[in-house]
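A short worksheet on the structure shown next.
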Amino acid sequence: MSPTEKFIAARRFLLDHRANYEKAYREFRWPDLTDFNWARDWFDVYAQGNTKTALWLQREGKDEVKFSYQEMAERSDRVAHFLQRQGVEPGDRIVLCLPNVSAIWELMLAAIKIGAVVVPTTTLATESEIRDRLTRSGACIVVTDETAMDRIPRDAEIKRILVGGQTAGWTRYDDAYDEPRDYRIIPTRADDPFLLYFTSGTTAKAKLVLHTHQSYPVGHLSTMYWIGIQESDIHQNISSPGWAKHAWSCFFAPWNAGATDRKSTRLNSSHLGI
């Protein structure tokens, strides 16, 4: 079986037996994967010709925007090409400090496709906290918007990408939408790194936790099962970007199920990704 077939079989089993815990517990088997790229082997396959809404973003009392599965696949292809044109190579770390705008979902998919490692960072992080994350993660690139750009250390030797704006010294993220879709395919193994999270640091200095192309993308089939989400559902989760729960319940669980992920935001950012 191909990686796609193995993933789909595991997913289908959990969806079919979501109301039969005993059978699911007794008979479920994690897919045995060697080479695996969730964005290509699952998301792009599911998204082909699929006009169902994958992402629904809305600012409180204002505008909203919806993207289909097919649109998200196409947009992330262009972002993958854009990142490669910025010099991003497999294993490179990208600090992602954004509110709930479409770029988060596009960049996550694109990073998986090209084998880059995402370092999610809360938009509440101070300059010193961002400096620490840049230093300890070994990041070569940071993506943020105008609400956080002034907290990116000016002396950091990194590539800077700005979402929803334009200013000297920064590359416009919006230019990614004009890129071609033919990014360079990067084979990835299931145990290759993909996410590098910092813990909250509540009782000690924040620690680094590394996740792979399997641990979150495949592992959160369990989240899909436990919250009972199905393809027909619209799923809204209030977790903020930068925290692991955002990846569990705003990315992998709804999109593993093929559901619609809906996010509302009270932030001032006017750029949802239209």
Side-chain angles (χ1 to χ4, degrees), residues 1-18 20-47 54-55 69 72 76 90-91 93-94 96 104-105 107-121 137 186-200 207-231 233 235 237-259 261:
M1 294 173 68
S2 69
T4 297
E5 291 169 331
K6 291 178 180 179
F7 181 86
I8 289 175
R11 168 187 177 270
R12 187 72 265 162
F13 181 88
L14 290 178
L15 290 174
D16 286 347
H17 300 289
R18 70 183 190 88
N20 188 342
Y21 170 75
E22 293 300 330
K23 183 176 180 65
Y25 178 81
R26 184 175 62 251
E27 299 183 19
F28 177 73
R29 298 292 181 271
W30 292 106
D32 182 16
L33 300 167
T34 302
D35 297 319
F36 184 66
N37 189 287
W38 183 86
R40 292 198 304 267
D41 293 330
W42 162 247
F43 189 87
D44 282 359
V45 173
Y46 186 78
L55 181 62
Y69 274 90
M72 291 304 299
S76 61
R93 278 88 189 274
I94 302 171
L96 192 58
I104 287 181
W105 285 262
L107 283 158
M108 290 274 282
L109 286 168
I112 296 173
K113 290 179 178 182
I114 65 173
V117 180
V118 175
V119 186
T121 300
S137 70
I186 306 294
T188 55
R189 293 178 59 84
D191 58 1
D192 281 347
F194 161 53
L195 280 168
L196 191 59
Y197 267 107
F198 282 81
T199 60
S200 64
K207 300 174 179 64
L208 285 168
V209 181
L210 184 65
H211 288 280
T212 68
H213 282 262
Q214 178 159 339
S215 61
Y216 263 24
V218 182
H220 284 292
L221 285 171
S222 61
T223 303
M224 178 196 76
Y225 179 81
W226 283 116
I227 63 179
I229 191 170
Q230 302 178 80
E231 285 182 300
D233 289 339
H235 180 254
N237 178 267
I238 63 173
S239 298
S240 298
W243 303 107
K245 177 64 174 171
H246 193 272
W248 305 344
S249 293
C250 301
F251 194 83
F252 292 115
W255 284 358
N256 276 345
D261 184 28

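Numbering of residues begins at 1 and proceeds along the displayed sequence.
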| Asp261, Leu55, Ile104, Leu109 screened by side chain to side chain contact (heavy atoms under 4.5 Å, CB included) with Phe251, the one that passes | Leu109

| said: Can you tell me how far apart CH2 (Trp255) and CZ (Phe43) are? Round to the nearest 0.5 Å. | reply: 4.5 Å

| Is it true that a side-chain atom of Arg11 and a backbone atom of Asn256 form a donor plus acceptor pair closer than 3.5 Å? | yes

| Shortest non-hydrogen contact between Asp233 and Gly228, atoms and distance | OD2-O, 3.9 Å

| field | Between CG on residue Leu195 and CD1 on residue Ile112, distance to nearest 0.5 Å | value | 7.5 Å

| query | Between atom CG of Asn37 and atom CH2 of Trp42, what is the distance when rounded to the nearest 0.5 Å? | reply | 14.0 Å

| said: Closer than 3.5 angstrom, by distance alone: can the side chain of Trp248 be matched with the main-chain N or O of Ala253 as a donor-acceptor pair? | reply: no

| Heavy-atom closest contact (Tyr197 atom, Gly242 atom, distance) | CE2-O, 3.6 Å

| request: Determine whether His17 and Phe28 make a side-chain contact, defined as any pair of heavy atoms from C-beta on separated by less than 4.5 Å. | output: no

| message | Has Asp191 got a side-chain atom pairing as donor or acceptor with Gln214's backbone, closer than 3.5 angstrom? | response | no

| Do the ring planes of Trp226 and Tyr21 sit parallel (below 30°), tilted (30 to 60°) or perpendicular (above 60°)? | tilted

| message | Ignoring hydrogens, what is the shortest heavy-atom contact between Ala47 and Tyr69? Give both atom names and the distance. | response | CB-O, 3.3 Å

| So, does Trp105 use its side chain to make a donor-acceptor pair with the main chain of Cys250 at under 3.5 Å? | yes

| request: Let me know which of Asp192, Thr188, Asp41 forms a side chain to side chain contact (heavy atoms under 4.5 Å, CB included) with Phe36. | output: Asp41

| request: List the atom of Pro31, the atom of Ala10, and the distance in Å for their closest heavy-atom pair. | output: CD-CB, 3.8 Å

| Partner of Phe198 under side chain to side chain contact (heavy atoms under 4.5 Å, CB included), chosen from Val209, Thr121, Leu208 | Leu208

| task | Nearest 0.5 Å please: distance from the CG atom of Leu14 over to the OG atom of Ser222. | result | 8.5 Å

| What distance do Met224 atom CE and His235 atom NE2 have between them, rounded to the nearest 0.5 Å? | 12.0 Å

| field | Which atom of Phe13 lies closest to which atom of Ala24, heavy atoms considered | value | CE2-CA, 3.8 Å

| remark: From the list Phe194, Phe252, Tyr216, ring pair (Phe, Tyr, Trp, His ring centres under 6.0 Å) with His211 holds only for Tyr216

| task | May I have the step-by-step check of side-chain contact (heavy atoms from CB on, under 4.5 Å) for Arg18 and Ile229, ending in yes or no? | result | CA-CA 9 Å; Arg18 70 183 190 88; Ile229 191 170; over 6 Å; no

| task | Please check if the side chain of Lys113 supplies one atom and the backbone of Arg40 the other of a donor-acceptor pair under 3.5 Å. | result | no

| request: Please answer whether the main-chain N or O of Val218 pairs with a side-chain N or O of Trp30 as donor and acceptor at a distance below 3.5 Å. | output: no

| request: Test Tyr46 against Ile8 for side-chain contact (heavy atoms from CB on, under 4.5 Å), laying out the working first. | output: CA-CA 10 Å; Tyr46 186 78; Ile8 289 175; over 6 Å; no

| said: Is any side-chain heavy atom of Pro187 closer than 4.5 Å to one of Asp35? | reply: no

| Is it true that a side-chain atom of Asn237 and a backbone atom of Ser239 form a donor plus acceptor pair closer than 3.5 Å? | yes

